[in-house]
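Structure first, then comments.
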2 protein chains.
Amino acid sequence: MSQTKIKNMEEFAAASGISRPTLSKYFNDPDSVRKTTRQKIETALESFDYRPNIYAMNQNRRMTKNIGIVVPYLADQFFGEIVRVIERRCIDAGFSPSLFSSHGEQAREIDILDNLRSMKPAGVLLAPLGRQSDKSAIEAFCRDVPTVLFDSNIEGMGEAFVGSDNYSFVSQTVEYLSRSGEPPCFIEMRHPANPNANKRREAYLSMMSRLKFEPHVIPIEGTGWEFEEIGRQGGLKLLSDRALPTRSVLCSNDRLAIGFLSACYEKGVRVGRFDGCDLRVASHDGHPLSRFTCPSLTTAGHDYASVSEHAVETLFRLIDRGGRFKEREETLFPAGLIIRNSA
Amino acid sequence: MSQTKIKNMEEFAAASGISRPTLSKYFNDPDSVRKTTRQKIETALESFDYRPNIYAMNQNRRMTKNIGIVVPYLADQFFGEIVRVIERRCIDAGFSPSLFSSHGEQAREIDILDNLRSMKPAGVLLAPLGRQSDKSAIEAFCRDVPTVLFDSNIEGMGEAFVGSDNYSFVSQTVEYLSRSGEPPCFIEMRHPANPNANKRREAYLSMMSRLKFEPHVIPIEGTGWEFEEIGRQGGLKLLSDRALPTRSVLCSNDRLAIGFLSACYEKGVRVGRFDGCDLRVASHDGHPLSRFTCPSLTTAGHDYASVSEHAVETLFRLIDRGGRFKEREETLFPAGLIIRNSA
DNA sequence: GGTAAAAGTTAACGCGCGTAAAAAAACTAT
DNA sequence: ATAGTTTTTTTACGCGCGTTAACTTTTACC
């Protein structure tokens, strides 16, 4: 252990017998110094436990090794999962990730972007709120900071977008439901916060038309991020009013479906793909809890790993390129159909 | 909008007609300058949009206005909810919260604490991993940085602990279940990661003994943070083996119960508090999704608002006091019994 | 209107580190 | 061993802001 407290790089230079500029080089990139000196430094580091002052390090740099990660709603397990993978990859690549959640509020998203700007990050991974986002604020931000969008696309913003291919999600569920029984109606929020919802509706309509079935889009009321409650209330109303046009239901996303299933249960409607069931219910996202619903939920799942890996990989490439791509990139990953008991 | 770009406080001083030291005072505490000058500054701020360099601000300060928030697992909605409230209050109080998730890994928790230390935060709100935590690392950290623990208590560490009163949770559920039917057996993970689980088992045993019922603690296998899966596998096994000693089941926490309910559903066991049901299931935590299970889950819910408010309030008080309390504080909030359909 | 207290200004230094230039030292290859 | 290359050292300055001290202007109050 250390005997004398080392408080700056100067003192550590004296203690380790390496000059300060060389130490500075080392801390910014350990591979930039000769192997023998690197070992000397690392030996000294062990006995003196010194860490450079991060504020002093960054204040005179036009760009830091920080990476911002912004998600719309951290309580949504989808983002919890994505963030975990992204953080790990950033750390492994020698960056310091900073995590922010907009908590579904536009003002908060703008605040976060403002803060982020003054952190001079090397790059930012941004999952915007979507419909609620202040487009011009995001546009201005993307001009200043190298940004990769994920999850929600906003046309033309950021240098790249990485997300899931909504058509792939919906085409698989519609095709499966139609093949194995009655074609589904489609339940969604009337005013979805997230642009993916619109893509999914369009995909549903297009698939139904291709398969020559009559489409039924059923919008339910409610705003905010409490999707389960919205799905539940919508479900209770639809079931009370006997307003479902078909005996197959496709929900826009799993959280809505979780609420809808709870309504079915309460109303005594037997959900499932087996004989004696009243209704089949399927959905999209592959929510971590979708396999614990009653019955377990048939859904089209995100390729979580690919989306997060590719988002990070794209950002690193963007940083290497100096923050600009020739052309905006868009990468969409297909879904994987997960057949369980609900449909 | 601005015409000339302002790049530091010097230039902003010239543009606004206020001297730099006064500006410095203003940015560190807007109330420390006279109202008239404050208004002049704020007017100038609007037309020039300047923000002080956060790195330069902090590098020569022994303590910053940063607050660290560390949780063991962000994908757990319990923490998602708590973090939302805490972040908001920190911002309103003029601090900059930084959010970190240990993702259930000891190494990650240690890393986070190391980083946090070099951020010189004014204070830290730490929900430790629990059993997996490196006690000595946490102890060392708490010596250097004013820290309030929450959710998981580790005896003697940090200047304060704010959490829920596990006895209150369990006594209410056990009392309710016993009064309204058969006394419950208690299902928990054999090696729980979180110390609250141990408190809950003890509370169960103590309540059962007080009520003069025979206790049945049923440990189930599995490690990690995938509680639902653990609860499900445990449930499937118990039901197959017909190993449940009673027709009332009390789960240690809601996530376990969600898995257990899915096992019951799959096995065709009718869960509920009504005639014709085979089993009653109750639990603890008031998980955001507990009301959407099938049937909806009877549970003892955290007082989320009070826990998070009081944790923040305690940290602010600690910071005011210079980072030390005379005596370690411990505050526990009681649970609220939420009677739904499962029991 | 005069005076003391409060708030602002000017001038100057320091924080810890990045970085550039010139000189010295350490390797590499012939 | 020698010349050539790479790496390290020395020296010195700058970044943007915190902070202090001495001084000047504004306010508040009788």
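Letters A, B, ... mirror the listed sequences (proteins, then strands); counts begin at 1.
Relative orientation of the A/Phe12 and A/Phe48 rings is perpendicular, given thresholds of 30° and 60° on the angle between their planes. Taking the six-membered ring for Trp and thresholds of 30 and 60 degrees, B/Tyr73 and B/His103 have ring planes more than 60 degrees apart, a perpendicular arrangement.
For B/Lys135 and B/Glu139, the salt-bridge test fails: no basic side-chain N is under 4.0 Å from an acidic carboxylate O.
B/Ile138 CD1 to B/Glu109 CD: the interatomic distance, rounded to the nearest 0.5 Å, is 4.0 Å.
Contact annotation: A/Tyr55 does not reach the phosphate of C/dG18 (side-chain N/O to OP1 or OP2, under 4.0 Å).
Within the 3.5 Å criterion, the main-chain N or O of A/Tyr304 finds no donor-acceptor partner in the side chain of A/Glu81. Side-chain atoms of B/Thr64 come within 3.5 Å of backbone N or O of B/Lys120 as a donor-acceptor pair. A donor-acceptor pair under 3.5 Å is absent between the side-chain atoms of B/Gln59 and the main chain of A/Gln59, judged by distance alone. In this structure a side-chain-to-backbone donor-acceptor pair under 3.5 Å is missing from B/Arg20 to B/Glu10.
Between the CZ atom of A/Arg51 and the P atom of C/dC17 there is a distance of 12 Å, given to the nearest Å. Remark: P of C/dC17 and CG of B/Asn58 are 14 Å apart, rounded to the nearest angstrom. For A/Gln59 and C/dG14, the CD to P distance is 17 Å, given to the nearest whole Å.
Residues B/Glu329 and B/Glu159 have side chains not in contact (no heavy-atom distance under 4.5 Å, counting atoms from C-beta outward). Using a 4.5 Å heavy-atom threshold, the side chains of B/Phe100 and B/Leu116 count as touching.
Within the 4.0 angstrom heavy-atom criterion, no nucleotide atom of any strand lies near B/Tyr26.
Here the options are A/Ser96, A/Cys90, A/Pro97, the test is side-chain contact (heavy atoms from CB on, under 4.5 Å), and the partner is A/Asn66; only A/Ser96 passes.
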So if I define the base as every atom that isn't primed, P, OP1 or OP2, how would nucleotides 3-9 of chain C read as a B/S/- string at a heavy-atom cutoff under 4.0 Å? ----SSB
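Residues of residues 7-14 of chain A that place a heavy atom closer than 4.0 Å to DNA chain C, in numerical order, are A/Asn8, A/Met9.
With a heavy-atom cut-off of 4.0 Å to chain A, the contacted part of DNA chain D has its first and last nucleotide at D/dT7 to D/dG16.
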